[in-house]
Amino acid sequence: MSSVPAPKPITLLSDAFGAMTVRVIGMVLLFASTTLAARVLGSEEYGTFNAAFSLAVLLATFAPLGSDRIMLRNLSTSNSTEDAAQETAQTHHTTAVVAGLLFVFLMTAVIGGNAAGLSDGWQVTLFLTAMMFIPVALTYLRQWVAVPILGARVAFIPEQTILPLVFMIILGMLKLLRFPMTAFSAAFSFAGIMLAIWFWSIRGGALGHIYRIAIRQKITFGAVRQRLKTGLPFTGVALGTAMLQRSLPLVIVATCGF
C-alpha cells in the first residue's frame, strides 16, 4: 500500500495554536460578513437568508448520519492512500443517499406547500435551504477528510477565512452594480462561493490526490447501508452541537410569526 503524501509534519501544539488563530480570524470575518449582509439585505431578506442557512447547516450535519465521524476516526489511524480514498468515497456516497432523500423532501414541501398550509415565507426558506445544504455538506466532509491529513489549521482556512471574505466582496460588488439584493441572490451567491472554494481546495496536494482516487472507488449499496448503521449513534451528538449553534434564528422567526 502507498502512503498518503503529507506536508511537513507539525506538532500537535503548533497545529492547535494555528487552528485557534484561524478560528479567531474567522470569527472576526464572520462578524464582518454577517453585519454587511444584514445591512445590504435589510432585516426581512436577511432574516430569510439566515433562517435558510441555519436549517441548511442542520441538514448538512444530519446528512452523513454519523458516517463522517467514522471516517475521521479511521483516517486518523491509517496512513494508507487506498484506505483514505475508500473512506472518503464511502462517506460521500452515504451522504449522497441521505442528501438526495432530504432534497426530494424539501422540494416536495415547497411544491406542495400551499396544499399543506405552509406560509410563503417558509416555502421560500425551504427552497433556499435545498439550494444551500448540499454545498454545506460537501464543505463539512472536506474538513473531516483534511483534518487528519493536513492538520486542523490548514483544514479550516478555506471556510473560516476565504469564504466570508469572498462573500463580503461579492456582496459589495452586487451592491455597487445595483443588483437586486434579496435572500435569493445572497443564498445562491453563498452556495456558489462554497462550491467554488470546495473545488479549489481539493484540486491538488495530498487532499486532491485522495479525492482523485476516491472518485474511482466502487461503493456497493451494502457498504453504504453498513456505514449508515455504524454511524447512526454518532448522529445525535453531531446534530445536537449544530442545533445549539444554529437553531436560534429558526426559533426567532417561528416565534415572530414568520
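Here, residue 1 is the first one in the sequence, and each next residue gets the next number.
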Show, in sequence, the C-alpha distance, side-chain angles and deciding distance for Thr91 and Thr95, and conclude whether the side chain to side chain contact (heavy atoms under 4.5 Å, CB included) test is met.
CA-CA 6 Å; Thr91 303; Thr95 304; 4.2 Å; yes
For Pro164 and Gln160, which heavy atoms make the closest approach, and how far apart are they?
CG-O, 3.4 Å
Looking only at heavy atoms, which two atoms of Leu29 and Thr161 are closest? And how far apart?
CD1-O, 3.4 Å
With rounding to the nearest 0.5 angstrom, report the CG to CD1 distance, Asp83 to Ile213.
11.0 Å
Where is the tightest heavy-atom contact between Leu207 and Ser201, given as atom of each residue plus distance?
CD2-O, 3.7 Å
Kindly indicate whether the side chain of Leu59, heavy atoms from C-beta on, has any atom under 4.5 Å from the side chain of Leu106.
yes
What is the distance from atom CZ of Arg73 to atom CE of Met71, rounded to the nearest 0.5 Å?
12.0 Å
Where do Phe190 and Leu163 land on the side chain to side chain contact (heavy atoms under 4.5 Å, CB included) test, with the steps shown first?
CA-CA 8 Å; Phe190 198 77; Leu163 177 59; 3.8 Å; yes
Heavy atoms of Pro158 and Val154 approach each other most closely as CD-O, 3.5 Å
Does the Arg203 side chain pair with the main chain of Trp200, one donor and one acceptor, at a distance under 3.5 Å?
yes
Please confirm whether the backbone N or O of Ala52 pairs with a side-chain atom of Thr129, one donor and one acceptor, at under 3.5 Å?
yes
To the nearest 0.5 angstrom, please state how far the CG atom of Leu126 sits from the CD1 atom of Ile111.
12.0 Å
Does any part of the side chain of Trp144, heavy atoms only, come nearer than 4.5 Å to the side chain of Leu75, both counted from C-beta?
no
Heavy atoms of Tyr140 and Thr61 approach each other most closely as CE1-OG1, 3.7 Å
When you group the ILVMFWY residues by side-chain heavy-atom contacts below 4.5 Å and let the links chain together, are Ile149 and Leu141 in the same group?
no
I need the Ser67 OG to Lys229 NZ distance, nearest 0.5 Å.
15.5 Å
Is Glu87 close to Arg227 at the side-chain level, that is, under 4.5 Å between some pair of heavy atoms?
yes
Within a radius of less than 6.0 Å around CE of Met107, do more than 12 heavy atoms belonging to other residues, nucleotides or ligands occur?
yes
Note, Phe133 side chain near Leu102 side chain (heavy atom, < 4.5 Å):
yes
Pair up each side-chain donor or acceptor in residues 166-183 with any protein partner under 3.5 Å, not counting sequence neighbours, and list the distances.
residue	atom	partner	partner atom	Å
Thr182	OG1	Phe184	N	3.3
Thr182	OG1	Ser185	N	3.3

Just do the side chain to side chain contact (heavy atoms under 4.5 Å, CB included) check on Met194 and Ile197 with the steps written out, would you?
CA-CA 5 Å; Met194 279 192 291; Ile197 291 177; 6.0 Å; no
Kindly check if the number of other-residue, nucleotide or ligand heavy atoms within 6.0 Å of CZ (Arg212) is above 12?
yes
Are Leu128 and Phe49 close enough that some pair of their side-chain heavy atoms sits under 4.5 Å apart?
no
Look at the side chain of Gln217 and the backbone N and O of Gln90, then say whether any donor-acceptor pair between them is shorter than 3.5 Å.
no
Measure the shortest side-chain to side-chain distance between Met131 and Phe103 over non-hydrogen atoms and say whether it is less than 4.5 angstrom.
yes
Smallest heavy-atom separation, Ala214 atom then Ala85 atom, equals CB-O, 3.5 Å
Under a 4.5 Å cut-off applied to non-hydrogen side-chain atoms, are Ile219 and Val224 in contact?
yes
Under 4.5 Å between side-chain heavy atoms, hopping through other hydrophobics if needed: is there a path connecting Leu195 to Tyr211?
yes
Are any side-chain N or O atoms of Thr77 and backbone N or O atoms of Asn74, one a donor and one an acceptor, separated by less than 3.5 Å?
yes
Return the CG to CZ distance between Leu138 and Phe199, rounded to the nearest 0.5 Å.
8.0 Å
Mind checking whether Phe188 and Met132 have side chains closer than 4.5 Å, heavy atoms only?
no
Pairwise distance OG1(Thr88) to NE2(His93) - rounded to 0.5 angstrom
12.0 Å
